[in-house]
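First comes the structure, then the notes that go with it.
What you see is a predicted model; the values in this text were computed from it and never measured.
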Amino acid sequence: MFEGLHMISILNHIDGVRVFLDTDLDLCLKRRILRDKKFGISEREVIRYFKEVMLPMYECYILPQRDSADYIVKGSEEELCLLKKFQKY
């Protein structure tokens, strides 16, 4: 699964089509907890950082891009197949 800024490298290759990958924030947090636990970061610290840093940055820099998107794709496995189709453009 891809989300947020990680999509830029894929979407930069799509000329003239603006796609916003809309992933549930609870799912994003769960993934971050799983990832960061591998580095010894406590779940409590991950949640604090997510709420205090990541959410405000998401709201400021990522979410506004949704308004200018030609396509809004939900961040599920099935719909990620749609992004592969967009890579042709």
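With contacts defined as side-chain heavy-atom distances shorter than 4.5 Å, the pair R32/I47 does not qualify.
Sorted by first and then second residue, the side-chain hydrogen bond (donor to acceptor under 3.5 Å, both in side chains) pairs with a member in residues 41-51 read K37-E43, E45-R48, R48-E52; sequence neighbours excluded.
With rounding to the nearest 0.5 Å, the separation of CE in M54 from CG in L29 is 10.5 Å. Atoms CG and CD1, from L21 and I72 in turn, are 11.0 Å apart once rounded to the nearest 0.5 Å.
Under a 3.5 Å cut-off, the side chain of D70 and the backbone N or O of R18 do form a donor-acceptor pair.
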Show which side-chain atoms of residues 56-64 pair as donor or acceptor with protein atoms under 3.5 Å away, not counting sequence neighbours.
none

